[in-house]
Visitor: 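Structure in structure tokens, see below.
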Amino acid sequence: MKIGFIGLGIMGKPMSKHLLQAGYKLVVLERNKSAQELVAAGAEPATSPKSLAEQVDIIITMLPNYPQVKEVVLGKDGVIEGARQGTILIDMSSIAPLVSQEIAEKLAEKGIEMLDAPVSGGEPKAIEGTLSVMVGGKKEVFDKCYLIMKAMAASVVHTGKIGAGNVTKLANQIIVAINIAAMSEALVLASKAGVEPELVYQAIRGGLAGSTVLDAKALLVMDRKFDPGFRINLHIKDLSNVMETSHEIGVPLPLTTAVMEMMQSLKTDGMGDDDHGSLIRYYEKIAKVEVNRKS
């Protein structure tokens with residue numbers, strides 16, 4: 001099958017490279033340096049989402065949020081204008097579940113299938129090809145696209161009907177955000193009390209407090225490495241979708257609300273493009289201590 005890929009940013013670029021390496025024929029929008037690099041590696045160029053859709057069987061979108069997805073898919077010269085009946089859209093962006101359902105309904109009127117398939121793992125996992133993908137949509141469509149998604153991921157799980165993928169991603173983002181905040185509180189406490197944070201990390205990581213988040217972020221924050229694997233701004237976007245969805249269905253989320261306000265504070269301080277591990281700097285500021293690893 002021929003695949004079109006729209007959204008060649010920090011995640012989409014390495015993901016599309018894995019598809020090429022797996023032997024898939026790829027078409028990309030010829031709009032930026034990343035696209036030129038992929039064309040040099042064997043992808044074909046397209047000038048618009050419409051022209052891209054006319055050339056392929058499956059379209060993957062990996063975009064910042066739902067306004068961009070709606071524009072690319074449903075807007076002027078969008079995917080919906082070029083896709084044939086039976087074409088499949090796999091939206092791997094992280095957007096609000098209700099918007100996924102809205103887009104899927106409009107595509108279905110033209111005989112176009114859709115999966116919502118957001119990912120977790122950030123840039124490092126995208127580069128490794130070991131993302132976790134959570135997918136909503138018809139099971140038969142999921143089965144048809146499974147190997148394509150697996151070329152970019154270590155785990156691909158069908159979680160239910162359309163929108164279920166993004167509900168699962170929202171749950172994921174809640175847990176990640178609160179885990180980083182909990183880690184930050186703990187390491188700031190240890191540092192302020194005069195205990196080496198690296199020794200605290202080594203002591204607790206094998207017990208019940210251990211987590212993937214702790215292993216991924218603890219040493220980075222101690223080394224003051226805040227280059228973005230996943231930006232604060234993007235996590236704010238995801239938590240905004242969490243809150244929008246929770247308000248729609250009547251689910252209070254007090255911990256998520258608190259962490260989102262911490263992230264908003266960091267954004268105001270100019271850290272929006274830093275890694276979400278920067279949450280520790282919120283705690284450091286109010287505790288007047290910096291968490292460092294001994295050389």
Side-chain angles (χ1 to χ4, degrees), residues 3-22 24 26-29 31-39 41 43 49 52 58-73 79 89-96 99-100 115-136 145 148-157 165-166 168-173 175-177 180 212-213 216-217 220 226-242 263 272-278:
I3 301 168
F5 204 109
I6 302 174
L8 302 174
I10 193 170
M11 299 289 288
K13 179 180 172 181
M15 290 166 67
S16 58
K17 283 184 175 180
H18 286 296
L19 292 173
L20 280 175
Q21 289 164 4
Y24 290 104
L26 199 65
V27 181
V28 298
L29 285 185
R31 287 183 174 175
N32 55 34
K33 190 174 180 180
S34 293
Q36 294 167 14
E37 187 178 329
L38 285 159
V39 169
L52 179 144
I58 292 174
I59 300 134
I60 296 173
T61 46
M62 187 64 179
L63 297 163
N65 204 354
Y66 64 78
Q68 293 84 7
V69 177
K70 290 179 80 169
E71 179 185 357
V72 161
V73 176
V79 165
L89 171 72
I90 307 173
D91 180 32
M92 303 189 81
S93 320
S94 295
I95 68 173
V99 178
S100 292
L115 299 172
D116 67 305
V119 306
S120 177
E123 183 183 15
K125 298 289 187 182
I127 292 169
E128 293 171 4
T130 56
L131 292 165
S132 295
V133 186
M134 43 221 86
V135 189
C145 299
I148 291 169
M149 292 183 284
K150 196 70 173 63
M152 302 175 280
S155 168
V156 181
V157 178
N166 273 303
T168 307
K169 178 60 186 286
L170 297 185
N172 180 88
Q173 295 305 80
I175 292 170
V176 171
I180 295 174
T212 301
V213 167
K217 299 297 179 182
L220 287 177
F226 299 112
D227 294 337
F230 192 76
R231 289 181 172 86
I232 286 280
N233 283 336
L234 287 176
H235 213 139
I236 288 173
K237 179 267 293 185
D238 286 344
L239 295 185
S240 296
N241 286 334
V242 167
M263 290 185 175
D273 285 328
D274 291 346
D275 188 74
H276 53 179
S278 292

Visitor: Check Ile95 against Tyr66 and note the closest heavy-atom contact, atom names and distance.
Guide: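 Where Ile95 meets Tyr66 most closely, the heavy atoms are CG2-N, 3.5 Å.
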Visitor: Does Ser93 offer a backbone N or O that forms a donor-acceptor pair with the side chain of Asp91 under 3.5 Å?
Guide: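 Checking the backbone N and O of Ser93 against the side chain of Asp91, a donor-acceptor pair under 3.5 Å is found.
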Visitor: Would you find a donor on one side and an acceptor on the other, under 3.5 Å apart, between the side chain of Gln68 and the backbone of Asn65?
Guide: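 Checked: pair present.
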Visitor: Looking at CD1 of Ile232 and CD1 of Ile180, how far apart are the two atoms once the value is rounded to the nearest 0.5 Å?
Guide: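 Ile232 CD1 to Ile180 CD1: 7.5 Å, rounded to 0.5 Å.
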Visitor: Heavy atoms only: give me the nearest Ser278-Phe226 pair and the separation to one decimal.
Guide: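 Smallest heavy-atom distance, with atoms named: OG-CD2, 3.5 Å.
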Visitor: Examine distances only and state if a side-chain atom of Asp116 and a backbone atom of Asn166 form a donor-acceptor pair shorter than 3.5 Å.
Guide: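 Yes: the side chain of Asp116 pairs with the backbone of Asn166.
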Visitor: Closest heavy-atom contact between Val135 and Ala117?
Guide: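 So the minimum-distance heavy-atom pair works out to CG2-CB, 4.0 Å.
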Visitor: Do side-chain atoms of Lys169 reach the backbone of Val119 as a donor and acceptor pair under 3.5 angstrom?
Guide: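 Here the side-chain-to-backbone pair exists.
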Visitor: Show the nearest heavy-atom pair for residues Met92 and Met62, with the distance to one decimal.
Guide: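 Between these two residues, the closest heavy atoms are O-SD, 3.0 Å.
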Visitor: At what distance, to the nearest 0.5 angstrom, does OG1 of Thr61 lie from CD1 of Ile6?
Guide: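 Spacing of OG1 (Thr61) from CD1 (Ile6) equals 7.0 Å.
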Visitor: Taking the inter-plane angle between the rings of His235 and Phe230 on a 0 to 90° scale, is it parallel (under 30°), tilted (30 to 60°) or perpendicular (over 60°)?
Guide: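 Perpendicular.
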Visitor: Given Ser94 and Lys237, is the side chain to side chain contact (heavy atoms under 4.5 Å, CB included) satisfied, shown in steps?
Guide: CA-CA 9 Å; Ser94 295; Lys237 179 267 293 185; 3.5 Å; yes
Visitor: With a 4.5 Å limit on heavy-atom distance, are the side chains of Gln173 and Asn241 in contact?
Guide: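 Answer no - side chains too far apart.
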Visitor: Begin with the C-alpha distance, continue with both residues' side-chain angles, and end with the deciding distance and a verdict on side chain to side chain contact (heavy atoms under 4.5 Å, CB included) for Val99 and Lys70.
Guide: CA-CA 9 Å; Val99 178; Lys70 290 179 80 169; 4.0 Å; yes
Visitor: Evaluate the side-chain proximity of His18 to Gln21: yes if any heavy-atom separation is below 4.5 Å, no if none is.
Guide: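 Heavy-atom side-chain distance check passes, below 4.5 Å.
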Visitor: Is it the case that more than 12 heavy atoms not belonging to Tyr24 sit under 6.0 Å from its OH atom?
Guide: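 Yes, the 6.0 Å shell around OH holds more than 12 heavy atoms from other groups.
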Visitor: Main chain of Leu234, side chain of His276: is a donor-acceptor contact present, judged purely on distance under 3.5 Å?
Guide: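 The answer is no, because no donor-acceptor pair under 3.5 Å joins these two groups.
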Visitor: Nearest 0.5 angstrom please: Asp274 CG to Asn233 CG, how far?
Guide: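 Taking CG in Asp274 and CG in Asn233, the distance rounds to 9.0 Å.
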Visitor: Is there side-chain contact between Val39 and Val28, with heavy atoms separated by less than 4.5 Å?
Guide: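 Val39 vs Val28: side chains touch.
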Visitor: Please name the pair of heavy atoms, one in Ala177 and one in Met263, separated by the smallest distance, quoted to 0.1 Å.
Guide: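 Nearest pair, atom of Ala177 first, then Met263: CB-CE, 4.2 Å.
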Visitor: Please determine whether side chain to side chain contact (heavy atoms under 4.5 Å, CB included) holds for the pair Val72 and Leu63, giving the CA-CA distance in whole Å, both sets of side-chain angles, and the decisive distance to 0.1 Å.
Guide: CA-CA 9 Å; Val72 161; Leu63 297 163; 3.9 Å; yes
Visitor: To the nearest 0.5 Å, what is the distance between OG1 (Thr130) and NZ (Lys125)?
Guide: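 These two atoms lie 4.0 Å from each other.
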Visitor: With rounding to the nearest 0.5 Å, note down the distance linking CD1 in Ile3 to CD1 in Ile148.
Guide: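 Separation between the atoms: 4.0 Å.
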Visitor: For a quick test of reading the model, state the closest non-hydrogen atom pair linking Ile10 to Pro228 and the distance between them.
Guide: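 Closest heavy-atom pair between Ile10 and Pro228: CD1-O, 3.9 Å.
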Visitor: To the closest 0.5 Å, what do you measure between CD1 (Ile59) and CZ (Phe5)?
Guide: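 If I round to the nearest 0.5 Å, the distance is 12.5 Å.
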Visitor: Taking atom CD of Glu71 as the centre, report whether more than 12 heavy atoms of other residues, nucleotides or ligands fall under 6.0 Å from it.
Guide: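 No, not enclosed.
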